[in-house]
K.L.:
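Structure provided below as structure tokens; questions to follow.
This chain uses plain numbering: 1 for the first residue, then up along the sequence.
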Amino acid sequence: MTNRPWWHDATGYALYLRSFADGTGDGVGDLPGVIDHLDHLEYLGIDLLWISPFYRSPMVDGGYDVTDHTEIDPTYGTMADFKALIRQAHARRIAVVIDLVANHTSAEHSWFQAARTSREDRFHDRYIWADPAPDGGPPNNWVSYFGGSAWTFEAAIGQYYLHLFLPEQPDLNWRNPAVRQMFDDIIEFWLDLGVDGFRIDVAQGLVKDRLLRSNPVLHVLRPAADRIEQWRAFEHRHDVLQPETIDIFRRWKAICHRYDAVLIGEVSVGDANAFAFAMDSGGLDIGMWLEVMHSEWDADALRSVLSGPIERKGDAGMVGWLGSSLDEPRAVTRFGGGEVGRRRALALATLLAFLPGTPFLYQGEELGLEQGEVCDDNRVDPVGIDAASGRDGCRTPMPWTNGPMHGFTTANETWLPFAADAGTMSVQSQRRNHRSQLARYRCLLAARRAQLVDADPTVEWLDFEEVGLIGFRRGVLNVIVNTTNEVVEIGIHGQIVFDSFGLLDRRVGLPSSPGVVRARIEGSQAIVFRGV
């Protein structure tokens with residue numbers, strides 16, 4: 001097993017740059033801030049750091065609207081800062097993966113500024129344009145991930161352009177060779193600077209149907225439908241996951257593997273079969289499976305959402321597991337909030353840590369942070385009809401200390417307000433407490449590192465007589481979570497290697513004992529043990 005790529009045993013950390021740490025004192029997180037806190041990632045036991053976009057951008061969508069893919073936006077620092085980050089992360093044996101925003105550019109990108117001037121302009125075909133429908137409306141029924149039509153009319157040339165996100169984010173035409181060449185060059189530019197791979201934003205969305213056919217309608221939309229309901233009203237047969245997208249993955253993988261770099265795809269599809277289609281391409285090394293963040297706290301629901309991608313993807317690639325992200329409400333809040341939510345979030349993280357694949361912690365997850373409440377006056381995210389339905393709540397700044405501005409910045413205010421639990425849940429507070437959420441996450445990652453060396457990749461899901469338990473076995477390794485609020489007793493015989501509550505003895509049912517003993521598992525507790 002010594003020839004496995006370095007990312008096979010890695011634990012990832014998803015870092016939202018604007019909210020991690022401010023090293024320049026303007027209230028916005030930046031690259032110097034990351035450098036200042038690499039020790040936290042090393043202390044936690046992180047191997048792979050994924051950083052959200054830092055490219056030149058007008059920041060309409062937090063940097064996911066790019067005007068130059070090879071320049072650092074001054075908001076985040078300089079190229080010298082980025083090179084220093086690479087050096088210092090590598091000195092701590094932490095790989096650095098950066099976001100590759102390839103589905104679209106900013107509307108202010110020089111390409112699009114030229115493309116919108118004339119149908120004859122040489123840059124026009126680098127984006128997706130179409131004539132109006134016979135009634136003058138959009139060319140088809142495609143909707144944006146952010147709600148509303150995916151088409152905007154450009155009166156100067158009498159055509160619509162496509163944007164699966166905001167109108168300020170026009171989609172690139174991946175059937176144009178010039179687009180493919182530009183991104184080959186972008187990838188090699190960053191690899192030459194020492195990055196260890198890329199996380200492809202909207203990996204499933206790059207190539208669109210050549211004929212721009214309308215998607216089949218699954219149900220009629222309500223007039224007041226939100227963006228999620230709008231998206232789910234259609235079968236996305238023609239606007240995402242086209243077969244030609246697979247060719248792009250393979251092309252990029254060939255480049256990345258010359259540098260021993262990893263290719264990760266944000267495969268935002270809700271169906272495990274569609275996920276398997278993307279993974280079976282032989283292109284992506286890791287595919288991020290996002291449906292875990294939509295699961296209820298229920299044993300059957302969790303088993304269904306966790307087993308699907310493992311069973312269907314076959315031997316191709318690996319699953320990237322996330323319990324929280326920069327786009328979804330935090331797991332602690334989703335699972336009830338407070339101490340109950342924190343216990344459940346850690347139990348979920350335990351399942352993800354020991355499944356085959358690569359688990360990613362989203363910044364603040366290791367602290368047990370809850371979703372921030374951002375009032376409409378402080379709203380920044382352009383998505384959602386109000387602050388509550390947008391993404392600001394999962395992007396509030398990281399609390400490092402108990403002092404003024406929680407050690408995030410020396411400025412008098414931050415780009416977003418802190419979550420209400422920032423003071424009590426800061427890194428400083430939790431480093432002093434060996435029973436804290438941070439301490440338990442650190443123990444979890446240490447157990448993962450120790451136990452998964454050459455672990456059996458085969459997952460055998462366990463069936464229990466007791467209601468509300470979910471668990472699986474990988475060789476001699478067993479993981480069990482109690483999703484109920486009641487104490488459950490089960491028979492086990494082996495060595496406890498991790499307990500999310502930190503209460504159980506290290507050995508249960510010693511080998512010299514006559515048989516299986518009963519172990520008490522509290523509500524929302526996770527245990528990991530080696531059978532003997």
K.L.:
Can a donor-acceptor pair be found, under 3.5 Å and without considering hydrogens, that links the side chain of S19 to the backbone of Y16?
P.N.:
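No, the answer is negative, given that no donor and acceptor are paired below the 3.5 Å cut-off.
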
K.L.:
Whether the side chain of W289 engages the backbone of V305 through a donor-acceptor N/O pair (distance < 3.5 Å, no angle test) should be reported.
P.N.:
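Answer holds: yes.
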
K.L.:
Taking the six-membered ring for Trp and the single ring otherwise, decide whether the centroids of W231 and H236 are under 6.0 Å apart.
P.N.:
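Yes; H236 has its ring centre under 6.0 Å from that of W231.
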
K.L.:
Partners of V467 by side-chain contact (heavy atoms from CB on, under 4.5 Å), sequence neighbours excluded?
P.N.:
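For V467 there are no side-chain contact (heavy atoms from CB on, under 4.5 Å) partners, ignoring immediate neighbours.
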
K.L.:
Do the side chain of W321 and the main chain of L290 share a donor and acceptor less than 3.5 angstrom apart?
P.N.:
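Not at all, since once roles are kept as given, no pair shorter than 3.5 Å links the two residues.
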
K.L.:
Passes ring pair (Phe, Tyr, Trp, His ring centres under 6.0 Å), W190 versus F54? Steps please.
P.N.:
CA-CA 12 Å; W190 291 108; F54 45 75; 5.5 Å; yes

K.L.:
With no hydrogens and no angle check, is any side-chain donor or acceptor of D73 less than 3.5 Å from a backbone partner on Y76?
P.N.:
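Flag not set: sc D73 to bb Y76 has no pair under 3.5 Å.
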
K.L.:
I'd like to know whether D247 forms a salt bridge (Lys or Arg N to Asp or Glu O under 4.0 Å) with R250, so could you lay out the CA-CA distance, the side-chain angles of the two residues, the decisive distance to 0.1 Å, and finally the verdict.
P.N.:
CA-CA 5 Å; D247 297 332; R250 292 174 178 149; 3.6 Å; yes

K.L.:
Look at the side chain of W400 and the backbone N and O of F20, then say whether any donor-acceptor pair between them is shorter than 3.5 Å.
P.N.:
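Yes, W400 side chain to F20 backbone: donor-acceptor pair under 3.5 Å.
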
K.L.:
Is any side-chain heavy atom of H434 less than 4.5 Å from a side-chain heavy atom of R440?
P.N.:
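Side-chain contact under 4.5 Å: no.
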
K.L.:
How about M405 and D22: do any of their side-chain heavy atoms sit closer than 4.5 Å?
P.N.:
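A side-chain contact under 4.5 Å is absent here.
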
K.L.:
How close do G468 and T484 get, heavy atom to heavy atom, and via which atoms?
P.N.:
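Answer, listing the atom of G468 first, then T484: CA-CG2, 3.6 Å.
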
K.L.:
More than 12 foreign heavy atoms under 6.0 Å from CD of E244: is that the case here?
P.N.:
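Counting neighbours around CD of E244, more than 12 heavy atoms of other residues, nucleotides or ligands fall under 6.0 Å, so yes.
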
K.L.:
Provide the full list of salt bridge (charged side-chain N to carboxylate O under 4.0 Å, His left out) pairs with a residue in residues 319-334, sequence neighbours left out, each pair given once.
P.N.:
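Every salt bridge (charged side-chain N to carboxylate O under 4.0 Å, His left out) pair that includes a residue of residues 319-334, provided the two are not neighbours, is D327-R391, D327-R395.
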
K.L.:
Side chain of S52, backbone of L17: donor and acceptor closer than 3.5 Å?
P.N.:
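Yes: the side chain of S52 pairs with the backbone of L17.
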
K.L.:
Here's a test for you: under side-chain hydrogen bond (donor to acceptor under 3.5 Å, both in side chains), which of D499, T483, T350 qualifies with Q525?
P.N.:
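Between Q525 and the candidates, side-chain hydrogen bond (donor to acceptor under 3.5 Å, both in side chains) is satisfied uniquely by D499.
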
K.L.:
With side chains defined as the heavy atoms from C-beta onward, is the minimum distance between E291 and F275 less than 4.5 Å?
P.N.:
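The answer is no; the side chains never approach within 4.5 Å.
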
K.L.:
Tell me, do N482 and E522 make a side-chain contact under 4.5 Å, heavy atoms counted?
P.N.:
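Side chain of N482 against side chain of E522, heavy atoms only: no contact under 4.5 Å found.
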
K.L.:
Sequence neighbours left out, cut at 3.5 Å: what donor-acceptor pairs do the side chains of residues 441-450 make with other protein atoms?
P.N.:
{"unit_1": "R442", "atom_1": "NE", "unit_2": "Y43", "atom_2": "O", "d": "2.7"}
{"unit_1": "R448", "atom_1": "NE", "unit_2": "T11", "atom_2": "OG1", "d": "2.9"}
{"unit_1": "R448", "atom_1": "NH1", "unit_2": "A353", "atom_2": "O", "d": "2.7"}
{"unit_1": "R448", "atom_1": "NH2", "unit_2": "A10", "atom_2": "O", "d": "2.9"}
{"unit_1": "R449", "atom_1": "NH1", "unit_2": "D47", "atom_2": "OD1", "d": "3.2"}
{"unit_1": "R449", "atom_1": "NH2", "unit_2": "G45", "atom_2": "O", "d": "3.1"}
{"unit_1": "R449", "atom_1": "NH2", "unit_2": "D47", "atom_2": "OD1", "d": "3.2"}

K.L.:
Do you know which two heavy atoms are closest between M279 and I286, and how far apart they sit?
P.N.:
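So the minimum-distance heavy-atom pair works out to CE-C, 4.1 Å.
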
K.L.:
Would you say the side chain of F165 lies within less than 4.5 Å of the side chain of Y64, judging by non-hydrogen atoms?
P.N.:
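The answer is no; the side chains never approach within 4.5 Å.
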
K.L.:
Determine whether H69 and F189 satisfy the following criterion, ring pair (Phe, Tyr, Trp, His ring centres under 6.0 Å), listing intermediate values before the conclusion.
P.N.:
CA-CA 10 Å; H69 287 79; F189 174 86; over 10 Å; no

K.L.:
Under 4.5 Å between any side-chain heavy atoms of V528 and I496, yes or no?
P.N.:
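Not in contact.
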
K.L.:
Just by distance, with hydrogens left out, do E365 and Y13 show a side-chain donor and acceptor under 3.5 Å apart?
P.N.:
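The answer is no; no qualifying pair exists.
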
K.L.:
Spell out, as yes or no, whether a donor-acceptor pair under 3.5 Å connects the side chain of Q430 to the backbone of L367.
P.N.:
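Answer holds: yes.
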
K.L.:
Indicate whether any N or O donor in one side chain lies under 3.5 Å from an N or O acceptor in the other, for Q428 and H406.
P.N.:
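The criterion, which ignores hydrogens and geometry beyond distance, is not satisfied for H406 and Q428.
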
K.L.:
If the condition is side chain to side chain donor-acceptor pair (under 3.5 Å), which residues does Q204 pass it with, not counting sequence neighbours?
P.N.:
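If we apply the side chain to side chain donor-acceptor pair (under 3.5 Å) test to Q204, skipping adjacent residues, the hits are Y145.
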
K.L.:
Work out which heavy atom in P309 is nearest to a heavy atom in A272; give both atom names and the distance.
P.N.:
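Looking at all heavy atoms of both residues, the closest pair is N-CB, 4.1 Å.
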
K.L.:
Would V479 and L351 satisfy side chain to side chain contact (heavy atoms under 4.5 Å, CB included), going step by step from the backbone distance to the final call?
P.N.:
CA-CA 7 Å; V479 182; L351 290 169; 3.9 Å; yes

K.L.:
Between L469 and I490, is the side chain to side chain contact (heavy atoms under 4.5 Å, CB included) condition met? List the steps.
P.N.:
CA-CA 10 Å; L469 294 185; I490 64 169; 3.6 Å; yes

K.L.:
Do you know the tightest heavy-atom contact between A422 and P399?
P.N.:
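Nearest heavy atoms, A422 then P399: O-CB, 3.2 Å.
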
K.L.:
Give a yes or no answer on whether the side chain of R530 reaches the backbone of G494 with a donor-acceptor pair at less than 3.5 Å.
P.N.:
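No, the answer is negative, given that no donor and acceptor are paired below the 3.5 Å cut-off.
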
K.L.:
Go through it in stages, so that I can follow the logic: the residues are V267 and L284, the test is side chain to side chain contact (heavy atoms under 4.5 Å, CB included), and I'd like the CA-CA distance, side-chain angles, deciding distance and then a yes or no.
P.N.:
CA-CA 10 Å; V267 187; L284 298 176; 3.8 Å; yes

K.L.:
May I ask you to decide if V240's main-chain N or O and Q242's side chain share a donor-acceptor pair within less than 3.5 Å?
P.N.:
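Yes, the answer is positive, given that a donor and an acceptor are paired below the 3.5 Å cut-off.
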
K.L.:
Of all residues at least two apart in sequence or in a different chain, which pass the ring pair (Phe, Tyr, Trp, His ring centres under 6.0 Å) check with W415?
P.N.:
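If we apply the ring pair (Phe, Tyr, Trp, His ring centres under 6.0 Å) test to W415, skipping adjacent residues, there are no hits.
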
K.L.:
Please confirm whether the backbone N or O of R303 pairs with a side-chain atom of S307, one donor and one acceptor, at under 3.5 Å?
P.N.:
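Checked: pair present.
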
K.L.:
Applying side-chain hydrogen bond (donor to acceptor under 3.5 Å, both in side chains), which residue pairs with at least one partner in residues 251-270 are found, sequence neighbours left out?
P.N.:
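For residues 251-270, and leaving out neighbouring residues, the side-chain hydrogen bond (donor to acceptor under 3.5 Å, both in side chains) pairs sorted by first residue read D184-R251, E188-R258, D192-Y259, R199-E266, H257-D285.
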
K.L.:
Are Y55 and I98 close enough that some pair of their side-chain heavy atoms sits under 4.5 Å apart?
P.N.:
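Yes, at least one pair of side-chain atoms sits under 4.5 Å.
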
K.L.:
Is there side-chain contact between F198 and W50, with at least one heavy-atom pair below 4.5 Å?
P.N.:
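The answer is no; the side chains never approach within 4.5 Å.
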
K.L.:
Rounded to the nearest 0.5 Å, what's the gap from OG1 on T396 to CD on E373? Could you check?
P.N.:
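It is 10.5 Å, given to the nearest 0.5 Å.
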
K.L.:
Looking at D9 and L452, what are the two nearest heavy atoms and their distance?
P.N.:
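Scanning both residues completely, I find the closest heavy atoms to be OD1-O, 4.1 Å.
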
K.L.:
Please report the C-alpha distance between F529 and L477 in whole Å, then the side-chain angles of each, then the deciding distance to 0.1 Å, and finally whether the side chain to side chain contact (heavy atoms under 4.5 Å, CB included) criterion is met.
P.N.:
CA-CA 6 Å; F529 68 95; L477 202 63; over 6 Å; no

K.L.:
Quick one: do the D30 and T24 side chains pair a donor with an acceptor below 3.5 Å?
P.N.:
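There is such a pair between these side chains.
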
